[in-house]
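Beneath this line is the structure, given in C-alpha cells, with notes to follow.
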Number of protein chains: 2
Amino acid sequence: MLRLSKLTDYAVVVLTRLEEAEEGGVLTAPGLAAATGLGEPTVSKVLKILSHAGLVEGRRGAAGGYRLTRPLEAMPLTDVITAIDGPIALTACVDNAAGFCDAEATCPVRGRWDPVNDAIRRALSGISIADLARVPAIVPHPEVAAAE
Amino acid sequence: MLRLSKLTDYAVVVLTRLEEAEEGGVLTAPGLAAATGLGEPTVSKVLKILSHAGLVEGRRGAAGGYRLTRPLEAMPLTDVITAIDGPIALTACVDNAAGFCDAEATCPVRGRWDPVNDAIRRALSGISIADLARVPAIVPHPEVAAAE
DNA sequence: GCAATCAGGACCCGATTGGTCCGGATTGCA
DNA sequence: TGCAATCCGGACCAATCGGGTCCTGATTGC
C-alpha cells in the first residue's frame, strides 16, 4: 500500500483551489466544497486540520473564510502530509513513538526503518504543492486512452 | 501515516534471519518463527507471499524449508513492499487502477500524485534489504536514553 | 441583536489489515 | 510401500483504523 489518507488528497485539492480563486479575499468552506465537488463537512474538516497546522488561516464572522498563509510554492508536500497523516513514518515502531512493546527484546526491527523514513522524507521534501497543482491532472481516462 | 503494513516489517525480519542462518541449507517456517519471535502462522503467511513473489524459494517434503533466491544486497526494498503491500501508490486513484470514479469530471486530483509516487519509488529503489539488515537495530530504548 | 462563519469535538459506519486455521499436495526416509 | 514432515492455497474471523457526518459553541461583521 504505502497509501496516505484521502484527506491528504483532498487537502491538496482544496489548497490548489484556494490559490486559484484567491484574490485578496477569503473563501468559505461551503464555497470550497462546491468548487471542488467534495462534501461540505469533509472540506470543513480538512480546512480545520490545515488551519491547525498553520497552512491556512481561518477568519470567523459573517465575512469569514479561509486564506492561504503562504504561496503553494513555499509549501512542501511534507507539511501537508504531516499535518493530516501525522509524522512520516512507515511503521508503528518508529524512533520515539513506541516506548512499549510486548516483546521489545525479541523485536528484531527496532529502529531499522529509519533510513527508509529518511529517504522518503527527503524525496518528498523536494516537492511542493505547487508542483502538484501545475500537473495537467486532467488526462483522458486511461481505460479509454489505452484499454489494457 | 504513510505506514506500510506490519507484514512488510515481518518480511524484512524473516529475510534477514534467513540470510544469517543459511548455510547452504533451508529453514523451516516454525524454525524461523522461533528465531524471530513471531507467530508461526504469521511467519508462514509471510513466507508464502515472499515465495509467490520469487524472493524466497520453498521446498516441500520432509527436509523442506525456505531458501533465499538472491542475496539481500540484490533485493531492493521495493520488491518486498510490492510483494506484500502491492504496487507502490499513495492514493487510491492512481494512473491505471481507477477507471471508474463516481465524479470523474469533478475529481480534481486525477493523475496528480504520479510525480510523488515516482519520487518515492526512486528513493526506495536505492535501498536494499541488506541495508536495513546491517543497521544496528538494537539501540537502547529511546524513552530511557532520552526521556522526552 | 442577528446572521454567518469558523472551531472543536463526539459519533457511527465501512473497509482494510492482522492473525488463525484447515485441508490438500509434495517429498524424503524407514 | 507407508509414514511423517513440510510447504501450498484458500477461507475465515476479529479488531483496528480511517472516512464521513453531525452537533454545539465561539467569534465577527452588519
Side-chain angles (χ1 to χ4, degrees), chain A residues 1-11 13-14 18 25-34 36-67 69 81 83-86 89-93 97 102-103 109, chain B residues 1-11 13-14 18 25-34 36-67 69 81 83-86 89-93 102-103:
Chain A
M1 53 153 158
L2 230 160
R3 92 172 13 145
L4 48 81
S5 65
K6 288 185 184 176
L7 273 301
T8 306
D9 203 337
Y10 298 159
V13 177
V14 169
L18 252 180
V26 294
L27 288 177
T28 68
L32 277 169
T36 56
L38 304 173
E40 297 185 15
T42 301
V43 171
S44 184
K45 186 177 196 174
V46 170
L47 286 169
K48 274 184 279 190
I49 298 175
L50 293 178
S51 169
H52 225 263
L55 300 181
V56 302
E57 201 178 27
R59 184 170 186 80
R60 296 188 186 181
Y66 286 97
R67 191 172 65 85
T69 57
I81 296 179
I84 296 187
D85 287 340
L90 275 75
T91 54
C93 266
D102 51 349
V109 289
Chain B
M1 52 151 161
L2 232 161
R3 91 171 14 144
L4 47 81
S5 66
K6 288 185 184 175
L7 273 300
T8 306
D9 203 337
Y10 298 159
V13 177
V14 169
L18 209 47
V26 295
L27 287 177
T28 67
L32 277 169
T36 55
L38 304 174
E40 298 185 15
T42 302
V43 171
S44 183
K45 186 177 195 173
V46 169
L47 286 169
K48 273 184 279 189
I49 298 175
L50 294 178
S51 168
H52 227 263
L55 301 182
V56 302
E57 201 178 27
R59 184 170 186 80
R60 297 188 185 179
Y66 285 97
R67 190 173 66 85
T69 57
I81 295 179
I84 295 187
D85 288 338
L90 275 74
T91 54
C93 266
D102 52 348

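Chain naming here is simple, since letters A, B, ... match the order of the sequence lines and numbering starts at 1 in each.
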To the nearest angstrom, the CG-P distance between A:Asp85 and D:dG18 comes to 8 Å
- Phosphate oxygens OP1/OP2 of D:dC8: is one of them under 4.0 Å from a side-chain N or O of B:Arg59? no
Here the distance between atom P of C:dG18 and atom CG of B:Asp9, to the nearest Å, is 10 Å
**Prompt:** Less than 4.5 Å apart, any side-chain heavy atom of B:Pro41 and any of B:Lys45?
**Reply:** no
When rounded to the nearest 0.5 Å, the distance separating CD1 of A:Ile84 from CD1 of A:Ile49 is 5.5 Å
Assert: residue with more 5' nearest nucleotide on DNA chain C, out of A:His52 and A:Gly61, is A:Gly61
Of all heavy-atom pairs linking B:Ala63 and B:Val26, the shortest is O-CG2, 3.7 Å
Nearest-nucleotide check on DNA chain D, A:Pro41 vs A:Ala63; residue mapping nearer the 5' end is A:Pro41
Taking D:dG19, C:dT5, D:dG29 as options, the one with an atom nearest any side-chain atom of A:Lys45 is D:dG19
Item to complete: Look at the side-chain N and O atoms of B:Ser51 and state whether any lies under 4.0 Å from the OP1 or OP2 oxygen of D:dC7.
Response: no
For A:Gly58 and A:Ser51, the nearest pair of non-hydrogen atoms, with its separation, is N-OG, 4.2 Å
Closest of D:dT6, D:dG29, C:dG19 to the B:Thr42 side chain is C:dG19
Quiz item: When we call it a touch if two heavy atoms are under 4.0 Å apart, what does B:Ser44 touch: a base, just sugar-phosphate, or nothing?
Solution: nothing
Quick note, A:Ala62 side chain, CB onward, closest among D:dC7, D:dG9, D:dT28 is D:dT28
Closest of C:dT20, D:dC8, C:dT5 to the B:Lys48 side chain is D:dC8
Rounded to whole Å, CZ of A:Arg67 lies from C1' of D:dT28 at a distance of 16 Å
Check your understanding: Is a side-chain donor or acceptor of B:Thr36 paired with a backbone partner of B:Val14 at a separation under 3.5 angstrom?
Key -> no
Between CZ of B:Arg60 and P of D:dC7 the distance, given in whole Å, is 10 Å
From CD1 of A:Ile49 across to C1' of C:dC6 the rounded distance in Å is 14 Å
The nucleotide from D:dC7, C:dG18, D:dG20 with an atom nearest the side chain of B:Tyr66 is D:dC7
Whole-Å distance, B:Leu38 CG to C:dG18 C1', equals 12 Å
Testing C:dG19, D:dA26, D:dG20 for proximity to the side chain of A:Lys6, the answer is D:dG20
Per atom distances to the B:Ser5 side chain, the nearest of C:dG19, C:dT17, D:dG20 is C:dT17
Exercise for review: Give B:Leu47 one of three labels, base, sugar-phosphate or nothing, depending on what nucleic acid heavy atoms sit under 4.0 Å from its own.
Suggested key: nothing
Atom CG of B:Leu50 and atom P of D:dC8 are separated, to the nearest Å, by 11 Å
All heavy atoms of B:Val56 vs all of B:Thr69, minimum pair found to be C-CG2, 3.7 Å
Taken to the nearest whole Å, CD/A:Glu57 to P/D:dT28 is 12 Å
